[in-house]
Amino acid sequence: MDQVITIERHILEQQKRYPKATGALTGILYDIALVGKLIARETIRAGLEDILGLTGARNIQGEEVAKLDRYANAAIVRLNQFTGRLAAMASEEIPDLIPIPDRYPTGRYVLVFDPLDGSSNIDYSVSIGTIFSILRRKSPKGEPATLQDCLQPGRDIVAAGYVLYGPSTMMVYSAGNGVHGFTLDHTVGEFLLTHPEIQIPAKPKFYSVNQGYEHYWPREIQEYTNHLQRQNLSLRYIGSLVADFHRNLLGGGIFYYPADTRDPSKPHGKLRLLYEAAPLAFLAVQAGGAASDGTQPILDIQPTELHQRTPLFIGSKDLVELGEAFIRGEMP
Ligand code: FBP
């Protein structure tokens with residue numbers, strides 16, 4: 001039988017690089033793989049179970065909460081709160097910090113996540129995903145965790161990744177030593193290594209942006225987009241950040257969601273820094289790419305709010321830098 005590497009074995013081998021490792025990070029990554037399988041089970045049966053549609057509630061972002069959003073959020077919290085590995089969690093779906101209940105021990109890490117990215121696509125059976133990042137707590141062990149434990153720049157991420165629920169279910173993660181992709185073999189219920197050491201191809205193929213908003217973009221972004229169109233790049237836009245990012249990670253290209261003038265209450269675009277932009281930026285940089293808000297690396301941004309938004313340019317390094325040059329007004 002060919003060299004079959006399960007995600008558990010891969011994570012354990014990564015851990016060997018750190019002689020002082022306690023296994024806590026390994027445990028968190030493995031629990032995310034497990035909850036990814038649980039969510040995948042629901043997405044696969046979505047039309048057959050009562051899991052499509054909305055709950056009728058709205059989240060802190062003012063967005064309608066989908067039933068699968070709620071399921072995914074509850075599953076991630078439930079599966080991680082009792083392990084003794086976490087000091088706290090934060091989720092796109094929950095306004096404030098998610099503390100660990102007193103009846104459970106706490107740990108050295110915090111987990112921030114978007115339980116279900118691309119939720120506007122759920123009912124259309126289009127690829128969606130779960131995005132996460134893991135940070136070391138700043139507050140002393142034994143004391144209650146605080147917001148500051150989550151409000152750390154992407155530079156401090158210890159590990160990050162996503163689970164993609166698409167034609168196949170994949171988990172892609174990095175613990176700081178390259179980006180690795182695993183495909184869920186539903187027949188054995190295991191994520192198996194299929195995409196080791198992912199590097200963004202040097203020659204990009206795609207540009208991904210919701211061009212329906214072009215009218216609301218600053219002139220520099222319109223010119224940048226015109227320039228990309230003349231580079232013989234194909235336009236691909238799924239409307240699920242995790243799926244658009246994944247395609248460009250493997251095929252080469254750029255995804256961008258600039259700030260626009262549609263909604264004065266969202267001057268910094270739509271996407272969230274902590275659990276959308278920063279985790280994917282961590283992966284992009286590990287894969288030889290880049291991620292920017294148009295003026296600075298996403299990983300350098302010091303968060304001030306749990307749900308703060310940021311413009312995002314992510315993917316092939318040259319195209320991200322080109323976007324920054326257009327925004328500085330340096331391009332013809
Ligand atoms: P959530 O679904 O987690 O709220 O994510 C936001 C998102 O759906 C991204 O996945 C996607 O890139 C973007 O919004 C699509 O926005 P728009 O419909 O404005 O293009």
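- Side-chain rings of His195 and Phe182 stay apart, their centers remaining 6.0 Å or farther from each other.
- In the model, Thr187 has a side-chain atom that pairs as donor or acceptor with a side-chain atom of Asp185 under 3.5 Å.
- Residues Phe326 and Tyr224 bring their aromatic ring centres within 6.0 Å.
- Looking at Ser91 and Val77, their side chains never come closer than 4.5 Å, going by heavy atoms from C-beta outward.
- Here CD of Glu63 is found 6.0 Å from OG of Ser119. Values are rounded to the nearest 0.5 Å.
- Put simply, CZ on Arg108 and CG on Leu135 are 13.0 Å apart, with the number rounded to the nearest 0.5 Å.
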Starting from the C-alpha separation in whole Å, work towards a yes-or-no answer on salt bridge (charged side-chain N to carboxylate O under 4.0 Å, His left out) for Arg155 and Asp300.
-> CA-CA 6 Å; Arg155 292 261 170 248; Asp300 289 351; 2.5 Å; yes

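- Looking at Lys67 and Asp50, a side-chain N of the basic residue comes within less than 4.0 Å of a carboxylate O on the acidic one, giving a salt bridge.
- Ring planes of Tyr237 and Phe255: parallel class, angle under 30° (limits at 30 and 60°).
- Side-chain contact check for Gln81 versus Arg78: some heavy-atom pair is nearer than 4.5 Å.
- Each of Asp31, Asn80, Thr22, Thr26 was evaluated against Arg85; a single residue qualifies, Asp31, per the side-chain hydrogen bond (donor to acceptor under 3.5 Å, both in side chains) test.
- A donor-acceptor contact shorter than 3.5 Å is absent between the side chain of Glu276 and the backbone of Leu271.
- Although no hydrogens or angles enter the test, the distance criterion places no donor-acceptor pair under 3.5 Å between the side chain of Asp69 and the main chain of Val65.
- There is no side-chain donor-acceptor pair under 3.5 Å between Glu190 and Thr6.
- Side chains of Ser292 and Gln296: a donor-acceptor N/O pair is absent below 3.5 angstrom, by distance only.
- Although no hydrogens or angles enter the test, the distance criterion places a donor-acceptor pair under 3.5 Å between the side chain of His180 and the main chain of Glu197.
- A donor-acceptor contact shorter than 3.5 Å links the side chain of Lys37 to the backbone of Gly189.
- In the hydrophobic clustering of ILVMFWY residues, with side-chain heavy atoms under 4.5 Å counting as a link, Ile198 and Ile131 come out together.
- No side-chain heavy atom of Ser127 sits less than 4.5 Å from a side-chain heavy atom of Ser240.
- Taking hydrophobic clusters as Ile, Leu, Val, Met, Phe, Trp and Tyr residues chained together by side-chain heavy-atom distances below 4.5 Å, Val179 shares a cluster with Met170.
- A donor-acceptor pair shorter than 3.5 Å cannot be found between the side chains of Glu223 and His227.
- Under the 4.5 Å side-chain heavy-atom criterion for grouping Ile, Leu, Val, Met, Phe, Trp and Tyr, Leu34 is connected to Ile7 within one hydrophobic cluster.
- Between the Asp149 side chain and the Thr146 main chain, a donor and an acceptor come within less than 3.5 Å of each other.
- Between Ser316 and Ile254 there is no side-chain heavy-atom pair separated by less than 4.5 Å.
- Rounding to the nearest 0.5 Å gives a distance of 6.0 Å between CG of Leu233 and CG of Leu228.
- When all heavy atoms of Tyr165 and Thr130 are compared, the pair lying nearest together is OH-OG1, 2.8 Å.
- Looking at every heavy atom in both residues, Ala90 comes nearest to Leu306 through CB-CD1, 3.9 Å.
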Given the rule in the ring pair (Phe, Tyr, Trp, His ring centres under 6.0 Å) test, do Tyr256 and Phe313 qualify, once you have shown the distances and angles that lead to the verdict?
-> CA-CA 4 Å; Tyr256 54 112; Phe313 297 76; 5.7 Å; yes

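- Ile134 places none of its side-chain heavy atoms less than 4.5 Å from the side chain of Ile157.
- Counting all heavy atoms, side chain and backbone alike, Ala87 lies closest to Thr106 at CA-CB, 4.3 Å.
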Are Ile200 and Asn248 close enough, and set up right, to give a side chain to side chain contact (heavy atoms under 4.5 Å, CB included), and what steps lead you there?
-> CA-CA 7 Å; Ile200 298 179; Asn248 295 347; over 6 Å; no

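- A distance-only check finds no donor-acceptor pair linking the side chain of Asn121 to the backbone of Val126 [under 3.5 Å].
- Shown here for Leu299 and Ala281, the closest heavy-atom pair between the two residues is CD2-CB, 3.8 Å.
- Within the 4.5 Å cutoff, the side chain of Tyr275 has no heavy atoms near those of the Leu280 side chain.
- Put simply, the side chain of Val158 reaches to within 4.5 Å of the side chain of Leu25, judged on heavy atoms.
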Check step by step if side chain to side chain contact (heavy atoms under 4.5 Å, CB included) holds for Phe282 and Ser174.
-> CA-CA 8 Å; Phe282 184 78; Ser174 176; 3.8 Å; yes

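- Note that the CD atom of Glu220 and the CZ atom of Arg328 stand 12.0 Å from one another [nearest 0.5 Å].
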Would you check, one step at a time, whether the test side chain to side chain contact (heavy atoms under 4.5 Å, CB included) holds for Leu68 with Glu42?
-> CA-CA 8 Å; Leu68 208 49; Glu42 298 304 314; 3.8 Å; yes

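- With Tyr213 as the aromatic partner, Arg262 meets the cation-pi criteria of under 6.0 angstrom to the ring centre and within 45 degrees of the ring axis.
- Not one N or O on the side chain of Thr169 forms a donor-acceptor pair closer than 3.5 Å with the backbone of Ala40.
- In this structure the side chain of Glu324 never reaches within 4.5 angstrom of the side chain of Ile327, judged on heavy atoms.
- Between Arg272 and Asp114, none of the side-chain N atoms (NZ, or NE/NH1/NH2) sits under 4.0 Å from a carboxylate O, so this pair counts as no salt bridge.
- Closest non-hydrogen pair, Pro303 versus Leu151, comes out as O-CB, 3.8 Å.
- Between the side chain of Thr225 and the backbone N or O of Ile221 there is at least one donor-acceptor pair closer than 3.5 Å.
- Between the side chains of Thr310 and Tyr257, not a single donor N or O lies within less than 3.5 Å of an accepting N or O.
- Gln152 contributes a side-chain N or O that, together with a main-chain N or O of Arg136, makes up a donor-acceptor pair within less than 3.5 Å.
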Should Tyr173 and His10 be marked as a ring pair (Phe, Tyr, Trp, His ring centres under 6.0 Å) after you check the CA-CA gap, both sets of side-chain angles, and the distance that decides it?
-> CA-CA 11 Å; Tyr173 89 101; His10 191 271; 5.7 Å; yes

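- No chain of hydrophobic side-chain contacts below 4.5 Å, direct or via other Ile, Leu, Val, Met, Phe, Trp or Tyr residues, connects Leu48 to Leu52.
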Before giving the answer on side chain to side chain contact (heavy atoms under 4.5 Å, CB included), spell out for Leu97 and Cys150 the whole-Å C-alpha distance, their side-chain angles and the decisive distance to 0.1 Å.
-> CA-CA 8 Å; Leu97 192 70; Cys150 295; 3.4 Å; yes

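- Under a hydrophobic-cluster definition in which Ile, Leu, Val, Met, Phe, Trp and Tyr are linked whenever side-chain heavy atoms come within less than 4.5 Å, directly or via other members, Val112 and Ile76 are assigned to different clusters.
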Show your working on side-chain hydrogen bond (donor to acceptor under 3.5 Å, both in side chains) between Tyr207 and Gln229 and close with a plain yes or no.
-> CA-CA 8 Å; Tyr207 76 102; Gln229 289 167 320; 3.2 Å; yes

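- Under the 3.5 Å distance criterion, the side-chain polar atoms of Arg137 are matched with a main-chain donor or acceptor of Pro140.
- Note that the NE2 atom of His268 and the CG atom of Leu273 stand 11.0 Å from one another [nearest 0.5 Å].
- The cationic atom of Arg247 (NZ for Lys, CZ for Arg) lies less than 6.0 Å from the six-membered ring centre of Phe206 and within 45° of the ring axis.
- Considering all non-hydrogen atoms of both residues, Gln308 and Ile301 come closest at NE2-CG2, 4.3 Å.
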